Q: 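Sharing a structure, written as structure tokens. Questions coming.
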Amino acid sequence: MSPPTDPNAPGGRQLSARLMLALLAALIMLPMLLIEWASARREQAQWQLRAQQDTQLLAETVATGQEQFVLGIAQLLVAAAASPVLSGVDLPACQHYVQEVQQRQTWLANLGLLDAGGRLSCRATTGGENAYFGHLPFYQQARDENLLSVGEYMVGPVSGKQILNFGWPVRSDEGRFQGVVFASLDLAWLDERLRNMPLPEGAEVFLTDLQGRVLAGSVAGHGLLGLPLPDLVLRAAMRERRSGFLGEAAARDLSRLRVIRPIRVSGRVGLYVTVSAPADAAIEPALRDSRLRLAATLLVTLAAAALAWLIGERWLVRPLRRLVRGVQRVAQGDPAQALAPSRTPLRELVLLKQAMAQVAQRVEEQRQAHQKTQQALRESEAGYHALFDSSPLPMWVLDEAQQRFLAVNAAAAQHYGYEAQAFLALRPEELQPPALQAEAGEGPAVRTHRKHSGELCRVQLVGSPTSFQGREARLCMAIDVTQSLADQARVHEVNDRLEQLVAERTREVALSNRELEAFSYSVSHDLRNPLHAVAMFAEFLAEHEGAVLDEQGRLYLDRIQDGTRRMQRLIDDLLELARVARAELAMTPLDLSALALEVAQELLAQQPGRAVTLRIEPGLYCVGDPRLLRQLLVNLLGNAWKFTAHAEDARIELGFTNRPGEPTSFFIADNGAGFDMKLSNKLFEPFQRLHTESEFPGSGVGLATVQRIVARHGGRVWAHAAVGQGASFHVVLPGLVQHR
């Protein structure tokens, strides 16, 4: 009887090494081809996606431009509606206004006003007098909704052009409806503008109204203005009010990529932009490249498979055969021949025993490391529990899924007035009932909790996910903020009261200032009449009795006239001070150096024979009211001119300072009489003179006016001086710079 066949013996149903090598070579080729095929498909999909994105980006770009254009139309209509000429009764003025606007805006086919009855009362294009347009939807929408409205495609009955109307309501100051100002967009102009837009090859862009009628298109000579959109897929999607990229909607026609982008007017869809591009052109480069790569990959994989076959035959099949013979010899009790290193180039069989020993050694090392890790984990958990139990802040572990407490520390039990076991038996809603949840308003982490005694407290909760006894939980820490919130409330109350007091004091000061200014203005004006009478009669007395008056009488008369002149100057200075306090500022950039030069030339013209060295630094600019700043320079330069009258070598300088740590300022300095700095606190007060009238005449109001002008501009003024050594006045103004 023959022995049974061993299914594991050579010659059984197992694959030979050569057949396995052939299968491996085939498997090497197949993945490469599959990878290349999948890569080609993916690249085609990427090209397709890129083409979709480019089409959507083109639609977004065109729509954004049109939305900006519509915004410009809205701004034009809002400005026109606010014009008193448009809503007035002066029809010629209205006609002139809208015609001027139309001449400046080449896209306008017509511009005008429909009155409250819907009739054309004013227009830029002649014709259509008193025509009725109240039935048009754009008029009714603007009238009823008080928003920018857009109409539909139409041929203008007045202009005769293909147009799209936009409307804006005109209302009186009391809110009464007075009509609708309209602008007619010339669709031929818009169509030409869209045709001139640079587009990818084969792409088509159309602008339509809500009914799908073409308002403009990028196709040269399309002749579709006012007609339905020729693309049936886009028309069907537009009827269904679809927008964005049309994928499934265009499934019956995949030859083109289509995008619909709505244009919103006053918050609602008013127009549509459609973009379509050929789909084949988008993926053609990917198809061409994928064919070339597939052919190259096939050649490379065939060569690699052949090379793998040759190398595998020599370095795998033959060593495997020798290995089989060696194992057979080991089984036959001849391991020396089987393990001879010269019989095989593969070191794996020689190192197999050593590798197994190394594996056993590593397993033992991992077992010991695992034991150490478990010991460290137990020590860490013990430390964690000790820290949890000894924390002075209330802490607990909450199972959020089952809404029950798993652990609590002594601080939490003491804070809420429970025993530890009683606290663990609580439900979370017993600490914070639903009614208290609705009352909490200090933020998501601040809660109102109820203690065991019924007392309410405000706590700030800090929580983090954790694992407790093998289940997911949350570690919570509560910080009592009851007292701090009460302190914050008291601080807010005090701040509110202080703000109220400051507002009341500000109103009182403003009222007092207005009353003082009114009093000064009234007194100054009331003094003019009697003063004028005194001056006039003194002049009459000098004319009629001047020849018979003795020297003492003429001295008295001269003093009367000199007193009236000084009184007149004082009144003028008071009026100027009052005007400075009341004047509205007209802030504008101005050349401070040029303004000072102009004032200096006026001073030189008044006393042409006087020798004064004037130096004005060029290029000083600031932001301020030109009239008030000119008065400031008149007063400061006039003072320098006056107080250097007795100086032998008179010098006046206007300069600029910009030192680190100091405010940027300009100064006016002189080498005149100066003054004692001990009296500087009176310098900017009205009627406080630091020199006698006989030395230097004046009213004592000029520097008070300077201080008031600087304060009105939000700046600062100060002075440095010494008796007999001159004075310098420094001024800080907004936007003060020097351009070289």
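What you see is a predicted model; the values in this text were computed from it and never measured.
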Q: Would you say Gln53 has more than 12 foreign heavy atoms packed within less than 6.0 Å of its CD?
A: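 Above 12, so yes.
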
Q: Give a yes or no answer on whether the side chain of Arg447 reaches the backbone of Val459 with a donor-acceptor pair at less than 3.5 Å.
A: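 The answer is no, because no donor-acceptor pair under 3.5 Å joins these two groups.
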
Q: Among residues at least two apart in sequence or on other chains, which ones pass salt bridge (charged side-chain N to carboxylate O under 4.0 Å, His left out) with Arg659?
A: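 By the salt bridge (charged side-chain N to carboxylate O under 4.0 Å, His left out) rule, Arg659 matches Glu662.
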
Q: Does a side-chain heavy-atom distance below 4.5 Å link Val269 with Leu210?
A: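 A side-chain contact under 4.5 Å exists here.
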
Q: So, Ser665 side chain and Val732 main chain: donor-acceptor pair closer than 3.5 Å or not?
A: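 Side chain of Ser665 to backbone of Val732: no pair is present.
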
Q: If every non-hydrogen atom of Glu472 is compared with every non-hydrogen atom of Asp399, which pair is closest and at what distance?
A: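 It is O-OD1, 4.0 Å.
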
Q: Do NZ/NE/NH1/NH2 and the carboxylate oxygens of Arg176 and Glu174 come within less than 4.0 Å?
A: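 Answer for the salt bridge query: no.
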
Q: Determine, stepwise, if the pair Thr705 / Leu703 fulfils side-chain contact (heavy atoms from CB on, under 4.5 Å).
A: CA-CA 5 Å; Thr705 303; Leu703 289 181; over 6 Å; no

Q: Between Trp396 and Phe405, what is the ring plane arrangement, given parallel below 30°, perpendicular above 60°, and tilted in between?
A: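 Rings of Trp396 and Phe405: perpendicular, as their planes differ by over 60°.
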
Q: Quick one: OG1 on Thr55 to CG on Leu57, what's the gap to the nearest 0.5 Å?
A: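 That separation rounds to 9.5 Å.
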
Q: Can you tell me how far NE2 of His713 sits from CD1 of Ile709, rounded to the nearest 0.5 angstrom?
A: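 So the gap between those two atoms works out to 8.0 Å.
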
Q: Do Asp231 and Arg258 come close enough that some side-chain heavy atom pair is under 4.5 Å?
A: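 Counting from C-beta outward, Asp231 and Arg258 do come under 4.5 Å.
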
Q: Between atom CZ of Arg712 and atom CG of Leu628, what is the distance when rounded to the nearest 0.5 Å?
A: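 Here the rounded value is 7.0 Å.
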
Q: Return the set of residues passing side chain to side chain donor-acceptor pair (under 3.5 Å) with Ser243 (not counting sequence neighbours), or none when no residue passes.
A: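 Residues passing side chain to side chain donor-acceptor pair (under 3.5 Å) with Ser243: none at all.
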
Q: Nearest 0.5 angstrom please: Arg171 CZ to Phe177 CZ, how far?
A: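 If I round to the nearest 0.5 Å, the distance is 6.5 Å.
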
Q: Would you indicate whether the side-chain heavy atoms of Leu113 and Val170 approach each other to under 4.5 Å?
A: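 They are in side-chain contact.
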
Q: Any sub-3.5 Å donor-acceptor pair from Tyr272's side-chain atoms to Leu207's backbone N or O?
A: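 Side chain of Tyr272 to backbone of Leu207, a donor-acceptor pair under 3.5 Å: no, none is there.
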
Q: If you look at every heavy atom in Ala237 and Ile260, which pair is closest and at what distance?
A: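 Answer, listing the atom of Ala237 first, then Ile260: CB-CD1, 3.8 Å.
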
Q: By salt bridge (charged side-chain N to carboxylate O under 4.0 Å, His left out), which residues pair with Arg213, not counting sequence neighbours?
A: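 With neighbours one apart ignored, the set is Glu152, Asp209.
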
Q: Any non-hydrogen side-chain atom of Leu246 less than 4.5 Å from a side-chain atom of Leu234?
A: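 Yes, close enough: below the 4.5 Å cut-off.
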
Q: Under a 4.5 Å cut-off applied to non-hydrogen side-chain atoms, are Leu215 and Phe206 in contact?
A: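 No, their side chains stay 4.5 Å or more apart.
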
Q: The test is side-chain contact (heavy atoms from CB on, under 4.5 Å); show your working for Arg474 and Thr466 and say whether it passes.
A: CA-CA 5 Å; Arg474 189 171 188 83; Thr466 186; 5.7 Å; no

Q: Could you tell me whether a side-chain N or O of Arg235 sits under 3.5 Å from a main-chain N or O of Leu229, the two making a donor and an acceptor?
A: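 It does hold such a pair.
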
Q: Is it the case that over 12 heavy atoms from other parts of the model lie below 6.0 angstrom from the CD atom of Gln403?
A: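 Count over threshold, so yes.
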
Q: Determine the minimum heavy-atom distance between Phe245 and Gln56, stating which atoms define it.
A: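 Shortest heavy-atom separation between Phe245 and Gln56 comes out as CB-NE2, 3.2 Å.
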
Q: Going by atom types only, do Gln140 and Arg143 share a side-chain donor-acceptor pair under 3.5 Å?
A: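 Checked: Gln140/Arg143 side chains show no N/O donor-acceptor pair below 3.5 Å.
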
Q: Applying side-chain contact (heavy atoms from CB on, under 4.5 Å), run through Phe666 and Leu736 and close with a yes or a no.
A: CA-CA 8 Å; Phe666 75 91; Leu736 181 62; 4.1 Å; yes

Q: Quick one: does any side-chain atom of Ser266 pair with a main-chain N or O of Leu148 as donor and acceptor, under 3.5 Å?
A: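 Flag set: sc Ser266 to bb Leu148 pair under 3.5 Å.
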
Q: Below 3.5 Å, can you tabulate the donor-acceptor pairs from side chains in residues 409-418 to any protein atom, sequence neighbours excluded?
A:
unit_1 : atom_1 : unit_2 : atom_2 : d
Asn409 : OD1    : Met395 : N      : 3.0
Asn409 : OD1    : Ala412 : N      : 3.0
Asn409 : ND2    : Phe388 : O      : 3.3
Asn409 : ND2    : Leu393 : O      : 2.9
His415 : NE2    : Asp480 : OD2    : 3.0
Tyr416 : OH     : His449 : ND1    : 2.7

Q: Could you walk me through whether Arg458 and Thr448 pass the side chain to side chain donor-acceptor pair (under 3.5 Å) test, one step at a time?
A: CA-CA 5 Å; Arg458 312 304 295 276; Thr448 300; 2.6 Å; yes

Q: Would you say that Thr274 contacts Val259 through its side chain, given a criterion of any heavy-atom pair below 4.5 Å between the two side chains?
A: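 Sidechains of Val259 and Thr274: no contact.
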
Q: Which atoms form the tightest heavy-atom contact between Met197 and Val62, and what is the distance?
A: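 Smallest heavy-atom distance, with atoms named: SD-CG2, 3.5 Å.
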
Q: Hey, what do you get for CG (Leu164) to CD1 (Ile73), rounding to the nearest 0.5 Å?
A: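 Result: 7.5 Å between the selected atoms.
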
Q: Could you walk me through whether Phe166 and Phe182 satisfy the side-chain contact (heavy atoms from CB on, under 4.5 Å) test, starting with their C-alpha distance in whole Å, then the side-chain angles of each, then the deciding distance to 0.1 Å, before giving a yes or no?
A: CA-CA 5 Å; Phe166 292 84; Phe182 70 92; over 6 Å; no

Q: Please find the pair of heavy atoms, one from Val265 and one from Val70, that lie closest to each other, and give the distance.
A: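 Scanning both residues, the minimum pair turns out to be CG2-CG1, 4.0 Å.
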
Q: Show the nearest heavy-atom pair for residues Ala81 and Trp168, with the distance to one decimal.
A: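 The answer is CB-CD1, 3.6 Å.
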
Q: Less than 4.5 Å apart, any side-chain heavy atom of Leu406 and any of Arg404?
A: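 Yes. Closest side-chain heavy atoms under 4.5 Å.
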
Q: Run the salt-bridge test on Arg268 and Glu145 with the 4.0 Å N-O cut-off and return the result as yes or no.
A: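 Answer for the salt bridge query: yes.
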
Q: Got a second to check how far Leu629's CG is from Leu733's CG, nearest 0.5 Å?
A: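 One gets 6.0 Å once the value is rounded to the nearest 0.5 Å.
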
Q: Please list all pairs meeting salt bridge (Lys or Arg N to Asp or Glu O under 4.0 Å) that have one or both residues in residues 60-75, counting only residues at least two apart or in different chains.
A: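 Qualifying pairs: Glu60-Arg261, Glu67-Arg261.
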
Q: Considering only residues two or more places apart or on different chains, which pairs with a residue in residues 48-68 satisfy ring-ring contact (aromatic ring centres under 6.0 Å, His included)?
A: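 Pairs touching residues 48-68 that pass the test: none.
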
Q: Any side-chain heavy atom of Lys451 within less than 4.5 Å of one from Cys457?
A: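 Yes. Closest side-chain heavy atoms under 4.5 Å.
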
Q: Trp107 and Phe69: ring-ring contact (aromatic ring centres under 6.0 Å, His included), yes or no, with the steps?
A: CA-CA 11 Å; Trp107 53 269; Phe69 182 63; 5.3 Å; yes

